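Heads up: the structure comes next, in structure tokens.
Fair warning: this is a prediction, and the values are worked out from it, not measured in the lab.
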Amino acid sequence: MALIISHSALINDSAEDSEKISYDALWETLLRKAEHPVEYVVQIDECRIVERYDDGFLREAVFFGKDIVRERVTPRRDQWRIDFEVLDDPRFSAVINELDQDAEGRFRYTVSVVLTERSAKRITEVEGLLAETDAGVLETARQTAETLRRVTLETAGA
């Protein structure tokens, strides 16, 4: 059984922000987040790039000060997304970060978490665990969207 938990959050919703935030600027911030996640993701305490490839890189991240997770990171600029293939975590098989823009020019960030079969089974069987996990992904989407907005605006103002 595949289970994907996905949430989106607006990055910019004011006219002032829309004038200062561009797709190119957001993409560069999202790439920095992938390479230097400690500055962006509160759950990650350490991260290092182990190897670079023509289409991305391999990183090792330390979550919650103890869990070391290797991820194959593949930026897909033409699709406005970055794929994180999780190589050795029993809970997740992938994480996807996406950007999109609506007709009013507002940018949105979406995070999708693909659970392993074992993890999906456990989450659906343990009362409250699915709601707790869903709430965590929603909070991650909100925090990341706010951080992308703030960092992109700071960079634009520099």
Query - Spacing of Ile96 atom CD1 and Glu85 atom CD [to the nearest 0.5 Å] - result: 11.0 Å

Requested in this report: Establish whether Phe107 and Ile82 are linked, either directly or via other cluster members, by ILVMFWY side-chain heavy-atom contacts under 4.5 Å.
Outcome: yes

**Report entry** Other residues, nucleotides, ligands: >12 heavy atoms within 6.0 Å of Arg32 CZ
**Finding:** yes

Query raised in the report: Do the side chains of Asn97 and Thr110 get nearer than 4.5 Å, heavy atoms only?
Result: no

Query raised in the report: Heavy-atom distance under 4.5 Å between the side chains of Leu130 and Ile5, does that happen here?
Result: yes

Requested in this report: Compare all side-chain heavy atoms of Leu58 with those of Leu87 and state whether any distance is below 4.5 angstrom.
Outcome: yes

Report task. Kindly compute the distance separating CD (Gln79) from CG (Asp100), expressed to the nearest 0.5 Å. Result -> 13.0 Å

Requested in this report: Could you point out which residue of Glu98, His7, Arg81 forms a side chain to side chain contact (heavy atoms under 4.5 Å, CB included) with Ser112?
Outcome: Glu98

Report summary line: Rounded to the nearest 0.5 Å, the OH atom of Tyr109 sits from the CG atom of Leu30 at a distance of 7.0 Å

Donor-acceptor pairs under 3.5 angstrom involving side-chain atoms of residues 40-47: please list them, not counting sequence neighbours.
residue: Asp45; atom: OD2; partner: Phe64; partner atom: N; Å: 3.3
residue: Asp45; atom: OD2; partner: Gly65; partner atom: N; Å: 2.2

Report task. Flag yes if more than 12 heavy atoms outside Asp54 fall under 6.0 Å of its CG atom; otherwise flag no. Result -> no

Query - Single-linkage hydrophobic cluster Leu138~Val95, side-chain heavy atoms < 4.5 angstrom - result: no

Query - Set of side chain to side chain contact (heavy atoms under 4.5 Å, CB included) partners for Arg77, sequence neighbours left out - result: Tyr23, Asp24, Trp27, Glu28

Query - Sidechain N-carboxylate O distance under 4.0 Å for Glu146, Arg150 - result: no

Report summary line: dist Glu154:CD -> Thr147:OG1 (nearest 0.5 Å) comes out at 9.5 Å

Query raised in the report: Is the backbone N or O of Arg149 less than 3.5 Å from a side-chain atom of Thr152, with the two atoms forming a donor-acceptor pair by type?
Result: no

Query raised in the report: Is it true that Arg52 and Glu35 make a salt bridge, defined as a side-chain N closer than 4.0 Å to a carboxylate O?
Result: yes

Query raised in the report: Going from CZ on Arg59 to CZ on Arg48, what distance comes out if it is rounded to the nearest 0.5 angstrom?
Result: 13.0 Å

Report summary line: Closest non-hydrogen contact found for Phe84 with Ala34 is CZ-CB, 4.0 Å

Report summary line: Here the pair of heavy atoms bringing Leu3 nearest to Ile123 is CD2-CG2, 4.2 Å

Requested in this report: Kindly say whether Phe92 contributes a backbone atom to a donor-acceptor pair with the side chain of Ser119 at under 3.5 angstrom?
Outcome: no

**Report entry** Ile68, CD1 atom: more than 12 neighbouring heavy atoms under 6.0 Å
**Finding:** no

Query raised in the report: Can a cation-pi geometry be assigned to Arg72 and Tyr53, taking NZ or CZ under 6.0 Å from the six-membered ring centre and within 45° of the ring axis?
Result: yes

Query raised in the report: If you take all heavy atoms of Ala141 and Val111, which pair is closest and at what distance?
Result: CB-CG1, 3.8 Å

Query raised in the report: Would Arg76 and Asp83 pass as an ion pair if we require N to O under 4.0 Å?
Result: yes

Query - Side chain proximity check, Arg91 to Asp67, heavy atoms < 4.5 angstrom - result: yes

Query - Verify same cluster id: Ile4, Leu129 (apolar side-chain graph, 4.5 Å) - result: no

Query - Sub-4.5 Å side-chain heavy-atom contact between Val50 and Arg70 - result: no

**Report entry** In one Ile/Leu/Val/Met/Phe/Trp/Tyr side-chain cluster, 4.5 Å: Val137, Val69
**Finding:** yes

Requested in this report: Is it possible for you to say whether Ile49 and Val73 belong to one hydrophobic cluster, with membership spreading through side-chain heavy-atom contacts below 4.5 Å?
Outcome: yes

